[in-house]
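Each remark here refers to the structure printed beneath this line.
Every number for a ligand or one of its atoms is a count from 1 in the order of the listing.
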Amino acid sequence: MHDRRTFLKLSTLGALGGLLSPKLGAMTRAQSPNPARRPVVISTWDFGLKANQEAWKVLSTGGKALDAVELGVRLVEDDPNERSVGYGGRPDRDGFVTLDACIMDENAGIGSVAALEHIKNPISVARAVMEKTPHVMLVGQGALEFALEQGFKKMNLLTETSKIEWEQWLKTSTYQPKINIENHDTIGLLALDQNGNLSGGCTTSGMAYKMHGRVGDSPIIGAGLFVDNSVGAATATGHGEEVIRTVGSFLVVELMRQGLSPQQACKKAVERIHQNFLSQNRSVKDTQIGFIALNKKGETGAYCLQKGFTYAQHTTDGNHLSSAPNLI
Ligand code: SD4
């Protein structure tokens, strides 16, 4: 399935947790006969490795997939050196860092924020929207006000590095979405916990130098992320406009429902997007789309349009980074 496989043996805190608390390990194993391969966590791009490691702390000790998802992606949101997510994310063309995120749990609970400014953990605000409001999506100023009410701290998300780069960009102001930016982009993370429940999350600063107010696929349930606890989960990265056009993650989950493996489903969704380009006579040259998927049995898959999309998966066999197979 993989053309390149880099085995990065990161210390699995799960194994460590097992050593430190053998009782807990024994108890969860006894409660959960583990008929499927679980727990499992899969996430997009190189930074998925560290997000998985964080998520594994929760999963390996019998915690909930939802908590694993939130903690895993938060680690990336917090890191100013990750320039496409959370704090330190590249701004829009007017210099504002606007963040998009969504989360979905095993009960079809959904929460989302779009064009959120000044809060470094949009995934946690999305979770608060899901758990504490009668709504599923808050945007812009309203999302910010809600976050502040909930006790999230207001901060400047535009780091000096991002500011300098943006000022440089302003000299030409040409909007040229770059595919596979430094192998870091949106983080989408899917988890299957020891109880067999699925959850997912997706968080991004979106396309660098986008129009102010532009929202991509990442906070849109069905496009950037979809979870159906009876079937599987999927998440997307790449050009959000194209993923929204095909309701990409929902498509992947529906294809799995029809019997396709996660790998086949991701491939078919990418082919659908590619076909759209061809029939509309549009060039795919500068477009990247990547999907990852995880089904109820703990099987995973990944596929992308162009070479360069990496993803990480953590099972009881360790945390591995792989290159997704590509269509063109
Ligand atoms: C967006 N899908 O805002 C995100 C960005 C991304 O690779 O993943 N780019 O469209």
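Residue Asp185 touches ligand 1 through its side chain alone, judged by heavy-atom distances below 4.0 Å. Only the side chain of Arg214 comes within 4.0 Å of ligand 1, judged by heavy-atom distances. Contacts of Gln288 with ligand 1, taken as heavy-atom pairs under 4.0 Å, are absent altogether.
Ligand-side atoms of ligand 1 in range of Met207: 3 (O), 5 (C), 9 (N), 10 (O), range being under 4.0 angstrom from any heavy atom. Counting the atoms of ligand 1 from 1 in the order shown, those under 4.0 Å from a heavy atom of Ser218 are 2 (N), 4 (C).
Taking the ring axis of Phe277 as reference, the NZ or CZ atom of Arg282 stays within 45° of it and closer than 6.0 Å to the ring centre.
Between the Gln306 side chain and the Thr287 main chain, a donor and an acceptor come within less than 3.5 Å of each other.
Phe250 and Phe226 have perpendicular rings, their planes meeting at more than 60° on a 0 to 90° scale where under 30° would count as parallel.
Checked for salt-bridge contact, Arg38 and Asp193 miss the test: no charged N lies under 4.0 Å from a carboxylate O.
The shortest N or O to N or O distance between Gly240 and ligand 1 is under 3.5 Å. Of the N or O atoms in Thr237, one or more lie within a sub-3.5 Å distance of an N or O in ligand 1. At least one N/O-N/O distance between Asp217 and ligand 1 falls below 3.5 Å. Distances between N or O atoms of Gly206 and those of ligand 1 include no value under 3.5 Å.
Considering each of Thr235, Ile289, Thr186, the one bringing a non-hydrogen atom nearest atom 8 (O) of ligand 1 is Thr186.
Closest approach of Thr186 to Trp45, counting heavy atoms only: O-CD1, 3.1 Å.
The other residues sharing a hydrophobic cluster with Leu251 are Leu255, Leu260, where clustering joins ILVMFWY side chains under 4.5 Å apart.
Evaluation of the salt bridge (charged side-chain N to carboxylate O under 4.0 Å, His left out) test over residues 230-239, restricted to residues two or more places apart or in two chains, returns none.
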